Enquirer: 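I am attaching a structure below and will ask some questions about it afterwards.
Keep in mind it's a predicted model, so treat the numbers as computed, not measured. Start at 1 and go down the list; that is how both ligands and their atoms are numbered.
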Amino acid sequence: MSVPLLDLVAQYREIKDEVLEAIMQVIERQAFIMGAEVPRLETEIARLSHAKHGIACASGTDALLLPLKALDLRPGDEVITTPFTFFATAGTIHNAGGKPVFADIDPATLNITPGAIEAAITPRTRAIVVVHLFGQMAAMEEIGTIASRHGLALIEDGAQSIGARRKIAGAWRMSGELGTVGTLSFFPTKNLGAWGDGGLIVTQDDGLAERLRRLRLHGGSRQYFHEEVGTNSRLDTLQAAVLLAKLPHLQRWTEARKRNAARYTAAFAGHPAVCPPATDPANDHIFHQYTIRVPQRNELQAHLKAKGIGHSIYYPLALHLQPCFAYLGYQRGRFPVAEAAMDSVISLPVYPEMTSRQQDEVIEAVLSFYP
Ligand SMILES: *Cc1c(COP(=O)(O)O)cnc(C)c1O
């Protein structure tokens with residue numbers, strides 16, 4: 001029996017009627033652009049994120065790009081981020097006219113560390129982009145303090161962390177709640193996936209929310225009048241309808257992901273080779289990915305492939321070593337923790353619909369590789 005890394009068809013079968021009904025309502029009204037479902041989704045996601053405003057946009061990439069544009073970066077302005085993330089995190093810094101500056105990650109959680117951020121700050125630093133990697137939050141309490149002490153904007157890339165939370169001074173704080181802005185992606189493979197591209201920004205800041213709403217509509221708050229140059233980055237009403245129909249299921253899906261993760265971690269506990277992911281005790285981890293660290297990673301990968309077990313390497317080449325960022329001048333060896341991670345990580349199926357028989361198959365395949 002083969003096990004996929006993710007089975008979107010299994011999810012589709014379960015919720016098909018609700019989602020098709022929601023889509024048909026949009027089609028019957030022919031309200032494809034900024035229909036009522038868009039502000040409704042914005043309100044729902046803002047509430048989930050403990051945020052005042054939600055601004056839907058065309059993708060998780062644009063959810064990063066628009067607030068970076070709103071910083072009005074000048075040539076040479078620096079934005080600190082992690083080298084161990086999906087490309088968009090740093091690509092958008094470049095595309096907003098900033099210079100990506102990387103800072104190394106924590107060997108346990110693989111999230112950017114407050115100490116490395118602090119060490120990377122210069123007089124040209126304007127912002128920090130934190131990524132809550134694989135579904136658990138970075139140390140927002142310390143990073144938030146650093147950002148305010150240095151007067152820096154703090155962007156939370158929450159593409160992988162919808163609904164993740166962290167206990168700070170005794171209270172649960174959501175992904176996106178504490179930053180200047182928090183971003184989400186609704187790429188189909190994310191924990192809450194659209195049937196196409198989509199993204200959303202949350203913020204507590206009234207003025208910034210207004211500006212971001214303008215920037216996604218060609219920089220005008222009134223049609224045909226433009227205060228500044230923005231772009232077209234709307235979320236389709238059809239996608240908002242899909243997401244609203246799926247949203248009531250998110251908590252249950254997240255619980256299933258956590259159960260699957262706990263089952264893996266119990267199975268791998270104490271194993272001499274397989275290192276399960278570490279959860280910071282302050283975090284409620286939503287397991288967008290279940291990522292183990294292993295020796296002979298590439299050989300394990302071939303073994304899983306031969307057995308029909310879905311898997312992926314997130315991420316095989318840290319961003320400071322990407323050819324497109326050679327101009328930044330980083331050399332191999334500069335971020336040893338990120339570089340060790342890229343050579344040892346492998347993500348296993350953890351999707352909610354996976355059966356325990358399928359999971360046993362994955363566990364057996366991994367363990368059979370290490371004698
Ligand atoms: C998926 C992802 C993005 C980009 O989202 P898209 O919707 O694909 O544009 C950005 N950052 C991280 C960490 C992601 O995982």
Enquirer: Taking only Lys NZ, Arg NE, NH1 and NH2, and the carboxylate oxygens of Asp or Glu, determine whether Arg214 and Glu227 approach each other closer than 4.0 Å.
Expert: yes

Enquirer: Between Phe86 and ligand 1, does any nitrogen or oxygen pair lie at a separation below 3.5 Å?
Expert: no

Enquirer: Strictly by modelled atom types, are Glu339 and His320 linked by a side-chain donor-acceptor pair under 3.5 Å?
Expert: yes

Enquirer: Please state which protein non-hydrogen atom is closest to atom 8 (O) of ligand 1 and give its distance, to 0.1 Å?
Expert: Phe187 CD1, 3.8 Å

Enquirer: Look at atom CZ of Arg222 and say whether more than 12 heavy atoms of other residues, nucleotides or ligands are closer to it than 6.0 Å.
Expert: no

Enquirer: Closer than 4.0 Å to some heavy atom of Thr61 - which atoms of ligand 1 meet that?
Expert: 4 (C), 5 (O), 6 (P), 9 (O)

Enquirer: Look only at interatomic distance and state if Lys190 has a nitrogen or oxygen under 3.5 Å from any nitrogen or oxygen of ligand 1.
Expert: yes

Enquirer: Could you identify the single nearest non-hydrogen protein atom to atom 11 (N) of ligand 1 and state the distance to 0.1 Å?
Expert: Asp157 OD2, 2.7 Å

Enquirer: Take atom CZ in Arg124; do more than 12 heavy atoms of anything else shown fall under 6.0 Å from it?
Expert: yes

Enquirer: Could you list the atoms of ligand 1 found under 4.0 angstrom from a heavy atom of Thr85?
Expert: 13 (C)

Enquirer: Flag the pair Arg173 and Glu141 as a salt bridge only when some basic side-chain nitrogen lies within less than 4.0 angstrom of an acidic carboxylate oxygen.
Expert: no

Enquirer: Would you say the ring centroid of Phe325 lies under 6.0 angstrom from that of Phe87?
Expert: yes

Enquirer: Pairing donors with acceptors under 3.5 angstrom, does anything connect the side chains of Thr89 and Asp157?
Expert: yes

Enquirer: Which ligand 1 atoms, with their elements, are less than 4.0 angstrom from a heavy-atom of Ala159?
Expert: 2 (C), 3 (C), 10 (C), 11 (N), 12 (C), 14 (C), 15 (O)

Enquirer: Between ligand 1 and Asp197, is the shortest N or O to N or O distance under 3.5 Å?
Expert: no

Enquirer: Identify, for atom 7 (O) of ligand 1, the protein heavy atom at the shortest distance, and state residue, atom and that distance.
Expert: Ser185 OG, 2.6 Å

